[in-house]
Amino acid sequence: MPFKRTDFPKDFLFGVATSSYQIEGHGFGQAGRTHWDDFAATPGNVVRAENGATACDHYHRFEEDLDLIAGAGLDCYRFSTSWARVMPDGRTPSQEGLDFYDRLTDAMLERGIKPAATLYHWELPSDLADLGGWRNRDIAKWFGDYTETIMGRIGDRMYSVAPINEPWCVSWLSHFHGHHAPGLRDIRATARAIHHILLAHGTAIQTMRSLGMDNLGGVFNMEWSTPADDSAEAIEKAALYDEIYNHCFLSGVFKGRYPERVMAGIAPHLPQGWQDDFDVITTPLDWVGVNYYTRKLIAPDPTEPWPSLKEVTGPLPKTFMDWEIYPEGLYKFLKRTAQDYTGDLPIFVTENGMAAPDVLTNGTCDDPDRIAFVEAHLAQVQRAMAEGVPVNGYYLWSLLDNYEWALGYEKRFGLVHVDFETLERTPKSSYHAIKQALGALT
Ligand code: PNW
């Protein structure tokens with residue numbers, strides 16, 4: 001890896017990210033059923049109907065996994081707490097679940113790893129999904145109570161916390177495209193989810209403030225939107241996609257309003273009294289996280305309901321997810337986020353990485369494409385920083401190969417290979433490269 005830690009400011013943080021349902025093994029301990037277990041059990045939703053019951057068995061192997069993080073010289077670990085493990089029915093605390101995150105937190109601190117928690121990375125307890133999940137306004141209160149329960153236990157030791165991972169995925173991908181749990185295709189459900197996610201976000205931030213916590217942020221996923229051709233229609237649809245995907249949630253949190261093009265489609269479906277909720281939604285944050293993987297080429301599609309657009313295959317080299325590799329998009333988003341929304345607030349790249357088939361051969365796993373991918377994106381981070389954008393850290397997705405949601409276990413994102421039969425961990429060449437790059441400091 002030609003990049004070195006010394007190419008970055010001294011206090012720039014390098015980390016890795018995971019999420020609970022994707023690695024822990026939700027069949028272990030007393031974790032409650034989640035809407036992902038239900039979604040995966042319905043044929044056709046997930047490749048081979050795979051679920052997170054065992055995943056990487058991080059639940060029993062977390063010490064080994066934290067040793068890998070510390071061993072690479074990484075500074076921080078972005079993990080998520082599972083609502084269904086902390087409160088199996090969504091509302092009643094489980095001592096066993098709280099104890100698990102307490103042990104996990106202490107094990108990070110013992111190794112000198114900074115804990116960066118996310119409170120919701122998509123595993124909604126099934127009992128709450130049965131009550132309407134993100135479509136039900138009460139979810140803001142349920143989420144506030146969950147936040148108080150888990151952070152009342154481990155909040156004193158967190159480096160940073162963000163309430164909800166990727167509001168776009170929780171709303172659009174799950175309630176409009178139907179690709180993630182709960183698998184709905186319904187604009188009304190989507191509009192309500194958008195708004196309730198932001199209300200729950202603000203409620204959680206206020207709850208943590210009242211617990212005396214700081215370094216609280218929000219994590220937003222972004223895809224650079226490019227018109228598929230230079231027709232006026234394609235340009236307009238790309239702008240609409242940009243507002244839906246990249247502006248809507250930041251605008252809600254930082255400007256207290258939804259963008260105009262988005263409003264044209266969601267206004268009739270927003271819950272009553274929605275305007276009054278922006279007092280809570282705009283509760284100030286300490287930092288913002290950008291998750292970035294790819295760009296999308298956008299074209300009109302009049303056969304589809306609003307927003308009547310489609311994604312078109314682009315010409316750039318692609319990862320195993322079929323996502324185009326477009327490092328410059330990260331630079332553009334870092335600049336734009338600071339300019340349009342966050343000003344001097346610290347920005348973190350909270351996810352960036354790529355999937356590959358990554359085969360283990362004679363005990364080793366070479367993934368040169370991943371090394372090149374990370375390098376190319378870090379160069380764009382440096383470019384933004386050189387122009388004054390306050391980027392404070394970079395988290396690679398992901399530490400381990402894990403459960404890639406509707407695509408099951410085939411898409412490998414890890415620095416560390418996982419054999420899903422034996423659960424054995426093998427660091428890939430990218431792990432060794434990162435370790436070398438970070439060690440270059442000392
Ligand atoms: C992120 N899309 O999600 C998530 O935070 C991770 O849990 C996930 O494993 C990672 O990216 C890699 O996919 C996304 O379909 C999942 O547009 C899907 C999409 C975007 C982000």
Side-chain angles (χ1 to χ4, degrees), residues 15-24 26 34 36 39-40 45-47 50-52 55-56 58 78-82 116-124 162-181 183 190 197 217-225 241-242 244-246 248-249 289-298 309-311 313-314 318-326 329-330 333 348-356 358 370 373-374 377 395-415 418:
V16 279
T18 66
S19 87
S20 55
Y21 193 79
Q22 292 178 275
I23 65 166
E24 280 179 8
H26 263 62
T34 80
W36 264 96
F39 184 70
N45 283 339
V46 177
V47 173
E50 288 168 343
N51 64 27
C56 306
H58 175 75
R78 180 170 173 257
F79 69 108
S80 77
T81 55
S82 163
T118 303
L119 292 167
Y120 183 76
H121 202 126
W122 307 353
E123 65 300 285
L124 189 70
I164 295 171
N165 180 64
E166 303 188 342
W168 181 87
C169 288
V170 181
S171 51
W172 285 90
L173 194 60
S174 313
H175 293 79
F176 188 79
H177 298 294
H179 296 166
H180 279 191
T190 307
I197 287 162
V219 169
F220 305 91
N221 54 314
M222 302 186 190
E223 289 188 340
W224 193 258
S225 173
Y241 183 84
D242 195 25
I244 287 175
Y245 204 111
N246 304 310
C248 180
F249 300 96
V290 173
N291 290 0
Y292 177 76
Y293 292 92
T294 189
R295 71 164 186 176
K296 287 283 157 66
L297 295 196
I298 302 299
L309 52 77
K310 63 181 173 197
E311 296 169 6
T313 307
K318 298 182 184 63
T319 70
F320 198 38
M321 294 290 279
D322 246 347
W323 291 350
E324 281 190 301
I325 300 174
Y326 183 61
L330 180 55
F333 275 130
F348 288 84
V349 177
T350 30
E351 283 181 30
N352 176 237
M354 66 168 277
D358 289 344
R370 181 168 291 107
F373 184 99
V374 172
H377 286 81
Y395 294 85
L396 191 127
W397 183 273
S398 180
L399 172 67
L400 304 170
D401 294 340
N402 60 47
Y403 179 62
E404 182 50 34
W405 306 111
L407 300 173
Y409 289 95
E410 210 171 73
K411 308 291 179 192
R412 296 176 176 273
F413 272 92
L415 290 178
V418 177

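Start at 1 and go down the list; that is how both ligands and their atoms are numbered.
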(message) I need the nearest protein heavy-atom contact for atom 2 (N) of ligand 1: residue, atom name and distance, please.
(response) L173 CD2, 4.0 Å
(request) Identify the protein heavy atom lying closest to atom 21 (C) of ligand 1, giving its residue, its atom name and the separation to 0.1 Å. (result) E166 OE1, 3.4 Å
(request) Indicate yes or no: does an N/O atom of W397 lie under 3.5 Å from an N/O atom of ligand 1? (result) yes
(request) Indicate the ring-plane relationship of H177 and W172, choosing parallel, tilted or perpendicular according to the 30° and 60° boundaries. (result) tilted
(request) Would you sort out whether S20 and E123 count as a side-chain hydrogen bond (donor to acceptor under 3.5 Å, both in side chains), showing the intermediate values? (result) CA-CA 8 Å; S20 55; E123 65 300 285; 2.7 Å; yes
(request) Determine whether the aromatic ring centres of F333 and W224 lie less than 6.0 Å apart. (result) yes
(message) Aromatic contact between Y21 and H121, with the criterion being ring centroids under 6.0 Å apart: yes or no?
(response) no
(request) Provide, to 0.1 Å, the distance between atom 13 (O) of ligand 1 and the closest protein heavy atom, together with that atom's residue and name. (result) E404 OE2, 2.6 Å
(request) For atom 16 (C) of ligand 1, find the nearest protein heavy atom and state the residue, atom name and distance (0.1 Å precision). (result) W122 CH2, 4.1 Å
(message) Contact between ligand 1 and W323 is defined here as a heavy atom of the residue under 4.0 Å from a ligand atom; is it met?
(response) yes
(message) Show the atoms of ligand 1 that are less than 4.0 angstrom away from any heavy atom in C169.
(response) 14 (C), 20 (C), 21 (C)
(message) Looking at S225, is its backbone amide N or carbonyl O close enough to the side chain of D242 to form a donor-acceptor pair, meaning the two atoms are under 3.5 Å apart?
(response) no
(message) Checking the N or O distance criterion of under 3.5 Å, is ligand 1 in contact with W168?
(response) no
(request) May I ask you to check if ligand 1 and H121 share an N or O to N or O distance below 3.5 Å? (result) yes
(message) One residue to check: N402. Relative to ligand 1, which of side chain, backbone, both or neither has a non-hydrogen atom less than 4.0 Å away?
(response) neither
(request) Provide, to 0.1 Å, the distance between atom 4 (C) of ligand 1 and the closest protein heavy atom, together with that atom's residue and name. (result) E351 OE1, 3.3 Å
(message) Working to the nearest 0.5 angstrom, can you tell me the gap between S171 OG and E166 CD?
(response) 10.5 Å
(message) One residue to check: Y245. Relative to ligand 1, which of side chain, backbone, both or neither has a non-hydrogen atom less than 4.0 Å away?
(response) side chain
(message) Side chain or backbone, does Y293 bring an N or O within less than 3.5 Å of an N or O on ligand 1?
(response) yes
(message) Under the side-chain hydrogen bond (donor to acceptor under 3.5 Å, both in side chains) test against R78, which residue among T350, N165, T18 passes?
(response) N165
(request) Would you mind listing which atoms of ligand 1 come within a distance below 4.0 Å of any non-hydrogen atom of E223? (result) 17 (O)
(message) Is it true that Y245 and N221 share a donor-acceptor pair across their side chains at a distance under 3.5 Å?
(response) yes
(message) If you measure every N or O of K296 against every N or O of ligand 1, does any of those distances drop under 3.5 Å?
(response) no
(message) Under 3.5 Å between any N/O of Q22 and any N/O of ligand 1: does that happen in this structure?
(response) yes
(message) Quick check for you: to the nearest 0.5 Å, what is the distance between E223 atom CD and Y293 atom OH?
(response) 11.0 Å
(message) As a quick check of understanding, evaluate side chain to side chain contact (heavy atoms under 4.5 Å, CB included) for V219 and N291, giving each step before the final call.
(response) CA-CA 7 Å; V219 169; N291 290 0; 3.4 Å; yes
(request) Report the part of Y292 (side chain from C-beta onward, or backbone N, CA, C, O) that has a heavy atom under 4.0 Å from ligand 1; answer both or neither where that applies. (result) neither
(request) Show which atoms of ligand 1 fall inside a sub-4.0 Å distance from at least one heavy-atom site of N165. (result) 5 (O)
(request) Ignoring hydrogens and angles, state whether a donor on the side chain of H26 or T34 is under 3.5 Å from an acceptor on the partner side chain. (result) no
